Amino acid sequence: MDLFNVYPLVNITPVRALGAKLWDDQGQEYLDFYGGHAVISIGHSHPHYVQRLTEQLQNIGFYSNSVQIPIQRELAEKLGRVSGYEDYALFLCNSGAEANENALKLASFHTGKKRVVAFKGAFHGRTSGTVAATDNPKIVAPFNAGHAVSFVEYDLDAVLAVLHGGDVCAVIVEPIQGVGGIIRPSDEFLQHLALLCWANDVLLIADEVQSGYGRSGKFFAHQHAGIRPDIISVAKGMGNGFPIGGILIAPHLQASYGLLGTTFGGNHLACAAALAVLEVIEDENLLAHATEMGDYLRTELLAHAGAVEIRGRGLMVGIKYNFPIKEIRDKLLTEHHIFVGNASDPTVLRLLPPLNITRAEVDRFLGALVALTA
């Protein structure tokens, strides 16, 4: 049997990783400025993370959600305190797509309605509902296309026009679009959007799968706007590479047995990984560090990158040029041994390094980029 060939692969085989560095099977070192799609939040193979997982594996790795799993409550309490959402409830699953799927399902259950408002350029996942709410027709199969989804620009009048139809259960928004090219709706837009949802009995879902967990310099990117969504979806940086996702659910949304469910979600190993991430974020003050390194990175990029625009917050950065960035991205990898990302906009270079990236590592990236763009 062969693998189903759906990924265009670069000819590199990483075999070891530590911090923001990777080594391939030839012994070549690479700097990781992409974190495997923003997954590596606290650095590869962080010693506390390795210790937490090792100790958990030596005790118990898995049992289903039919028994008491105290480490889930430990994670919920820790996440609530660190994020500032102690009054919310946590449902655990396995991925960002699954988190968003459950968020949409919960909103539909709660309101009795089915239409979803999403935004142009959105990416919310590849499961049935989330791919329908993703603005990329090429990955929406006919089976998925029957969902009631309305795509709008970041335009409050356009949102309101859809809400007036009376059939909307949720508005789902990325506080910073990742795949879309590090596009950030203004804080004022998010504030007014939250008010519109409240006034029309529609749930606001903040998709923080990529922009959450300190990536923006605050725990959640929507917190820059001072709003409190009804549901917040998380994944990627939550487990630093271990598959885990979840939704934070406002207290006015009620649970009932069987409403949501999962086999693997919230297993012992996943919770140990997620707790290790939160502990390192706190112990190493990574929110402040992400802000500091992000500000420094954007300042230097504005001065030296020769770009049209520098986007983002914290360590979620987009560099927009007036030409496709594929050649720059390829040369950063092959000549300078630095992993970076792209976006659905071919002119945007996407940066998502670990939150504990060092100043020296930022300078190494800047030197390589300037050498290629000067």
Side-chain angles (χ1 to χ4, degrees), residues 14-23 32 35-86 88-99 101-102 208-210 212-215 219-220 232-249 255 260-287 289-290 352 354-357:
V15 294
R16 186 167 65 90
L18 183 65
K21 294 186 173 67
L22 303 161
W23 289 266
D32 188 2
H37 307 304
V39 167
I40 302 301
S41 51
I42 61 170
H44 296 276
S45 303
H46 191 289
H48 180 67
Y49 177 82
V50 172
Q51 180 184 2
R52 258 288 198 174
L53 277 168
T54 301
E55 290 175 355
Q56 186 61 55
L57 186 59
Q58 289 170 340
N59 292 321
I60 180 173
F62 173 81
Y63 204 77
S64 76
N65 285 298
S66 61
V67 299
Q68 297 290 324
I69 305 178
I71 196 171
Q72 291 183 347
R73 293 191 178 276
E74 185 183 354
L75 172 58
E77 290 168 4
K78 181 84 168 178
L79 176 55
R81 182 176 60 76
V82 176
S83 69
Y85 280 97
E86 290 179 280
Y88 278 45
L90 177 65
F91 174 77
L92 291 165
C93 53
N94 309 284
S95 69
E98 191 180 334
E101 192 81 23
N102 280 288
E208 293 273 9
V209 167
Q210 187 170 137
Y213 266 74
R215 176 62 49 190
F219 195 87
F220 290 124
I232 305 161
S233 58
V234 291
K236 292 195 184 293
M238 184 179 190
N240 202 53
F242 199 100
I244 185 171
I247 49 176
L248 284 66
I249 304 162
L260 305 176
T262 171
T263 296
F264 297 106
N267 67 74
H268 298 76
L269 285 174
C271 289
L275 277 165
V277 168
L278 291 173
E279 288 158 358
V280 171
I281 285 175
E282 272 201 311
D283 292 347
E284 298 185 8
N285 200 20
L286 291 188
L287 300 188
H289 184 75
L352 301 159
L355 303 184
N356 50 7
I357 195 84

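Because the structure is a prediction, the values reported are computed rather than measured.
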From [X] atom [atom1] to [Y] atom [atom2], the distance as rounded to the nearest 0.5 Å:
{"X": "L278", "Y": "E77", "atom1": "CG", "atom2": "CD", "result": "12.5 Å"}
{"X": "I232", "Y": "Y88", "atom1": "CD1", "atom2": "OH", "result": "5.5 Å"}
{"X": "I247", "Y": "E208", "atom1": "CD1", "atom2": "CD", "result": "14.0 Å"}
{"X": "N356", "Y": "N285", "atom1": "CG", "atom2": "CG", "result": "12.0 Å"}
{"X": "N59", "Y": "T54", "atom1": "CG", "atom2": "OG1", "result": "11.0 Å"}
{"X": "E86", "Y": "L79", "atom1": "CD", "atom2": "CG", "result": "10.5 Å"}

Treating [X] as the side-chain partner and [Y] as the backbone partner, does any N or O pair qualify as donor plus acceptor under 3.5 Å?
{"X": "H289", "Y": "I357", "answer": "yes"}
{"X": "S45", "Y": "L18", "answer": "no"}
{"X": "D32", "Y": "A20", "answer": "no"}

Minimum heavy-atom separation for [X] to [Y], with atom names?
{"X": "T263", "Y": "N65", "value": "O-ND2, 4.0 Å"}
{"X": "E98", "Y": "C93", "value": "OE2-CB, 3.1 Å"}
{"X": "S41", "Y": "G237", "value": "OG-O, 2.8 Å"}
{"X": "L287", "Y": "G214", "value": "CD2-CA, 3.2 Å"}
{"X": "L75", "Y": "C271", "value": "CD2-SG, 4.0 Å"}
{"X": "L53", "Y": "L269", "value": "CD2-O, 3.3 Å"}

With side-chain contact (heavy atoms from CB on, under 4.5 Å) as the test, would you mind laying out the steps for K78 and E279 before giving the verdict? CA-CA 9 Å; K78 181 84 168 178; E279 288 158 358; 4.0 Å; yes
Should E284 and H48 be marked as a side-chain hydrogen bond (donor to acceptor under 3.5 Å, both in side chains) after you check the CA-CA gap, both sets of side-chain angles, and the distance that decides it? CA-CA 11 Å; E284 298 185 8; H48 180 67; over 6 Å; no
Does I71 form a side-chain contact (heavy atoms from CB on, under 4.5 Å) with Q56? I'd like the steps, not just the answer. CA-CA 10 Å; I71 196 171; Q56 186 61 55; 3.5 Å; yes
Find out whether [X] and [Y] are in side-chain contact, i.e. whether some heavy atom of one side chain is under 4.5 Å from a heavy atom of the other.
{"X": "N240", "Y": "I40", "value": "yes"}
{"X": "Y85", "Y": "F219", "value": "no"}
{"X": "M238", "Y": "L92", "value": "yes"}
{"X": "H37", "Y": "Q210", "value": "no"}
{"X": "L355", "Y": "Y213", "value": "no"}

Out of Q51, H46, R52, which residue meets the side-chain contact (heavy atoms from CB on, under 4.5 Å) rule with Y49? H46
Check the orientation of F62 and F264. Use parallel for under 30°, tilted for 30 to 60°, and perpendicular for over 60°. tilted
Working for side-chain contact (heavy atoms from CB on, under 4.5 Å), residues L90 and I249: CA-CA 6 Å; L90 177 65; I249 304 162; over 6 Å; no
Assess whether side-chain contact (heavy atoms from CB on, under 4.5 Å) is satisfied between F91 and T262, documenting all intermediate values. CA-CA 10 Å; F91 174 77; T262 171; 3.9 Å; yes
